[in-house]
K.L.:
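Input: one structure, supplied below.
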Amino acid sequence: MASLFDPIRLGAIDAPNRIFMAPLTRGRATREHVPVPIMADYYAQRAGAGLIITEATGISPEGLGWPFAPGLWSGEQVEAWKPVTGAVHDKGGRIVAQLWHMGRVVHPSFTGHAPVSSSATTAPGSAHTYDGRQLYTEARPLELAEIPRVLDDYRRAARNAREAGFDGVQLHAANGYLIDQFLRDNANFRDDAYGGSIENRIRLLIEVTRALIDVWGADRVGVRLSPNGDSQGVNDSQPELLFPAAAKALSDLGIAFLELREPGPGGTFGQADHPPVHPLIRAAFDGVLVLNSDYDGITGQAALDRGEADAIAFGRLFLSNPDLPRRIAEKLPLNPNDMATWYGPGTAGYTDYPLYEAA
Ligand SMILES: Cc1cc2nc3c(=O)[nH]c(=O)nc-3n(C[C@H](O)[C@H](O)[C@H](O)COP(=O)(O)O)c2cc1C
């Protein structure tokens with residue numbers, strides 16, 4: 001049986017422990033989506049993670065609608081990421097970039113045009129924008145002829161991630177963003193090769209994953225899915241069929257790891273509305289499986305003991321505890337996290353969470 005403190009090999013990446021840092025949007029980049037030096041401090045503080053998965057990072061202006069979130073489409077962004085990856089490596093860590101296209105969740109105030117999605121749908125609620133909260137608007141369905149261009153946008157971001165010194169990439173296919181808007185059947189009403197059957201709805205996921213593999217090799221590409229419960233209005237009627245099929249196809253591509261954000265029915269960051277899907281995904285996926293949502297050191301170790309997961313990704317606990325692996329190992333008390341500073345600005349609630357110090 002594996003311990004959270006045993007090393008694990010993710011394709012070509014050697015993680016010294018199984019306590020991973022989940023992707024966390026923190027909104028500290030510039031308005032032009034360029035990383036800033038405090039991001040290097042923040043990630044370097046957390047270099048003790050077996051693997052750091054960065055905050056979601058826009059692949060293109062079309063795909064990014066979060067204030068002060070970073071991107072990876074320009075040379076300027078690449079140069080600004082280099083000190084971040086360098087600082088993590090100097091501290092002995094590993095860091096992969098989470099690649100993000102938000103689809104219909106991009107408010108037009110960011111781009112000057114309607115967002116794109118699988119179909120003409122509108123995300124529920126309102127977006128964080130530079131001018132406060134604004135209602136989402138209806139998406140324009142991507143035309144078939146545009147899909148190669150979207151794949152090229154992912155490829156460019158993947159190349160840029162390599163140039164910026166990352167150890168690999170994770171495709172953000174979770175949480176109601178573009179790929180998830182193709183996957184799940186309450187958002188995808190297409191009648192072409194990208195809609196309808198499960199095989200068609202997973203097509204974009206697989207094509208994008210292949211594009212990332214073209215750049216990085218499968219052994220440095222991970223994927224994140226959220227197989228259970230509503231995410232920003234995106235949901236599926238039969239996740240127990242859809243997600244194992246997606247996992248099987250990803251398994252056939254030989255990706256380095258698959259991460260799931262699957263809360264329970266009483267989850268504190270999203271809630272399940274079906275029985276757990278992760279055991280079905282476990283059976284369908286041959287590679288390294290990482291579980292996330294509401295785990296702590298005890299429940300994470302229990303998931304490893306039951307053979308449900310190979311590693312655990314911790315979000316909010318890593319946000320407020322830069323030395324989380326040590327705190328789990330020594331059963332030390334944890335810093336609480338402050339929601340008011342999740343999305344910035346500045347260093348407060350970002351780089352000032354203290355390391356444990358014995359009283
Ligand atoms: C402040 C904040 C930002 C987040 N940003 C992202 C993100 O950029 N990409 C992503 O896939 N999930 C994101 N999530 C979800 C987390 O990765 C994780 O799934 C969630 O926090 C549940 O895990 P936890 O219980 O360990 O915190 C975010 C969560 C929080 C609290």
Side-chain angles (χ1 to χ4, degrees), residues 4 18-29 33 35 39 42-43 46 49-59 63-72 95-103 105-106 128 169-181 183 222-232 234 257-272 278 290-301 303 309 311-321 324-325 327-328 334-345 348-350 353:
L4 284 170
R18 297 160 186 242
I19 298 172
F20 293 2
M21 180 174 167
L24 294 165
T25 290
R26 304 305 311 275
R28 260 72 174 188
H33 308 293
M39 291 167 59
Y42 164 77
Y43 283 113
R46 289 157 181 76
L51 180 71
I52 294 172
I53 304 165
T54 67
E55 63 207 281
T57 299
I59 61 156
L64 186 51
W66 192 281
F68 304 105
L72 255 175
I95 181 167
V96 298
Q98 190 187 47
L99 300 185
W100 198 24
H101 189 309
M102 294 171 65
V105 196
V106 178
H128 291 277
V169 290
Q170 182 193 58
L171 173 61
H172 194 347
N175 299 359
Y177 297 111
L178 181 72
I179 308 286
D180 209 16
Q181 292 159 27
L183 286 172
V223 172
R224 177 176 242 217
L225 298 170
S226 51
N228 202 336
D230 177 283
S231 292
Q232 309 196 77
V234 173
F257 67 98
L258 176 60
E259 187 208 357
L260 307 180
R261 182 187 68 78
E262 185 177 28
T268 63
F269 196 92
Q271 297 186 335
H278 66 83
V290 185
L291 293 185
N292 165 258
S293 258
D294 292 307
Y295 287 99
D296 60 21
I298 308 270
T299 57
Q301 182 59 53
I312 304 293
F314 297 89
R316 288 160 292 178
L317 292 188
F318 243 125
L319 190 158
S320 55
N321 295 278
L324 183 64
R327 291 188 193 231
I328 291 176
L334 299 171
N335 299 322
N337 82 84
D338 174 19
M339 264 181 93
T341 52
W342 277 4
Y343 302 121
Y350 191 54
Y353 283 109

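Atoms within each ligand, like the ligands themselves, are counted from 1 in listed order. We use all heavy atoms of the structure for the numbers below, so side chains are in, but hydrogens, waters and symmetry mates are not.
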K.L.:
So, the side chain of Thr25 versus the backbone of Glu55: is there a donor-acceptor pair under 3.5 Å, distance only?
P.N.:
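No; judged by distance alone, with no hydrogens or angles, the pair does not exist.
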K.L.:
Looking at Asn175, which atoms of ligand 1 are within less than 4.0 Å of one of its heavy atoms?
P.N.:
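The list of qualifying atoms is 10 (C), 11 (O), 12 (N).
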K.L.:
Judged by modelled atom types alone, do Asn228 and Arg261 share a side-chain donor-acceptor pair under 3.5 Å?
P.N.:
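Arg261 and Asn228 do not have a side-chain donor-acceptor pair below 3.5 Å.
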K.L.:
Could Arg316 and Phe269 be counted as a cation-pi pair, given that NZ or CZ must be under 6.0 Å from the ring centre and within 45° of the axis?
P.N.:
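So Arg316 doesn't make the cation-pi contact.
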K.L.:
For Thr25, counting its heavy atoms only, list the atoms of ligand 1 lying under 4.0 Å from any of them.
P.N.:
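Close to Thr25: 1 (C), 3 (C), 4 (C), 5 (N), 6 (C), 7 (C), 8 (O).
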K.L.:
Which option out of Gly27, Ala22, Pro23 puts a heavy atom nearest to atom 14 (N) of ligand 1?
P.N.:
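Heavy atom nearest to atom 14 (N) of ligand 1 belongs to Pro23.
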K.L.:
Please say whether Phe269 places an N or O atom under 3.5 Å from an N or O atom belonging to ligand 1.
P.N.:
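It does not: no N or O of Phe269 is found under 3.5 Å from an N or O of ligand 1.
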K.L.:
Is there a donor-acceptor contact under 3.5 Å from the side chain of Gln170 to the main chain of Ala97?
P.N.:
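No, because the side chain of Gln170 does not come within donor-acceptor range (under 3.5 Å) of the backbone of Ala97.
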K.L.:
Output the list of atoms in ligand 1 that are nearer than 4.0 Å to some heavy atom of Ser293, sorted by atom number.
P.N.:
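Listed by number with element: 22 (C), 23 (O), 25 (O).
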K.L.:
Donor-acceptor pair, Gln181 side chain versus Met102 backbone, under 3.5 Å?
P.N.:
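Between the backbone of Met102 and the side chain of Gln181 there is a qualifying donor-acceptor contact (under 3.5 Å).
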K.L.:
Enumerate the atoms of ligand 1 whose separation from the nearest heavy atom of Ala56 is less than 4.0 angstrom.
P.N.:
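Counting atoms of ligand 1 from 1, those under 4.0 Å from Ala56 are 8 (O).
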K.L.:
Show me which atoms of ligand 1 lie under 4.0 Å from any heavy atom of His172.
P.N.:
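So the atoms of ligand 1 that pass are 9 (N), 10 (C), 11 (O).
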K.L.:
Among all protein non-hydrogen atoms, which one is nearest to atom 18 (C) of ligand 1, and what is the separation to 0.1 Å?
P.N.:
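Nearest protein contact, heavy atoms only, for atom 18 (C) of ligand 1 is Asn292 OD1, 3.3 Å.
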K.L.:
Okay, side chain of Asn337, backbone of Ser320: is any donor-acceptor separation there less than 3.5 Å?
P.N.:
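Pair absent, no side-chain N/O of Asn337 close to backbone of Ser320.
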K.L.:
To the nearest 0.5 Å, what is the distance between CZ on Arg26 and OH on Tyr343?
P.N.:
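With rounding to 0.5 Å, CZ (Arg26) is 9.0 Å from OH (Tyr343).
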K.L.:
Is it the side chain (CB and beyond), the backbone, both or neither of Tyr343 that lies under 4.0 Å from ligand 1, heavy atoms counted?
P.N.:
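The part of Tyr343 near ligand 1 is the side chain, not the backbone.
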K.L.:
Specify the closest pair of heavy atoms between Ile179 and His172, including all atoms of both residues, with the distance to one decimal.
P.N.:
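Smallest heavy-atom distance, with atoms named: CG1-O, 4.0 Å.
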K.L.:
Distance to 0.1 Å, residue and atom name: give those for the protein heavy atom nearest to atom 26 (O) of ligand 1.
P.N.:
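That would be Gly315 N, 2.8 Å.
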K.L.:
Who's the nearest protein heavy-atom neighbour of atom 9 (N) of ligand 1, and how far?
P.N.:
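Here the nearest protein heavy atom works out to Gln98 OE1, 2.9 Å.
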K.L.:
Which of the numbered atoms in ligand 1 are below 4.0 angstrom from a heavy atom of Phe314?
P.N.:
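Numbered from 1, ligand 1 contributes 26 (O).
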K.L.:
Going through the distances and angles, do Asn292 and Arg224 end up as a side-chain hydrogen bond (donor to acceptor under 3.5 Å, both in side chains)?
P.N.:
CA-CA 10 Å; Asn292 165 258; Arg224 177 176 242 217; 3.2 Å; yes
K.L.:
Starting from atom 10 (C) of ligand 1, which protein heavy atom do you reach first, and at what distance in Å?
P.N.:
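The closest one turns out to be Arg224 NH1, 3.2 Å.
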K.L.:
Tell me whether ligand 1 is touched by Phe318 - counting only heavy atoms on the residue side and a distance under 4.0 Å.
P.N.:
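It does not, in that no heavy atom of Phe318 comes within the 4.0 Å cut-off of ligand 1.
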K.L.:
Rounded to the nearest 0.5 Å, how far does CD of Glu259 lie from CG of Leu51?
P.N.:
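The CG atom of Leu51 sits 9.0 Å away from the CD atom of Glu259.
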K.L.:
Does the plane of the ring in Trp100 sit parallel, tilted or perpendicular to the ring in Trp66? Use 30° and 60° as the thresholds.
P.N.:
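Plane angle between 30° and 60°, so tilted.
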K.L.:
I'd like to check whether Arg26 has a polar contact with ligand 1, where a contact means an N/O of the residue lying under 3.5 Å from an N/O of the ligand.
P.N.:
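No: no nitrogen or oxygen of Arg26 is under 3.5 Å from one in ligand 1.
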K.L.:
Would you say Asp294 has any N or O atom under 3.5 Å from an N or O of ligand 1, going by distance alone?
P.N.:
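Yes, at least one N or O pair falls under 3.5 Å.
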K.L.:
If I apply the N/O under 3.5 Å rule, does Arg316 come out as touching ligand 1?
P.N.:
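In this structure, Arg316 places an N or O atom under 3.5 Å from an N or O of ligand 1.
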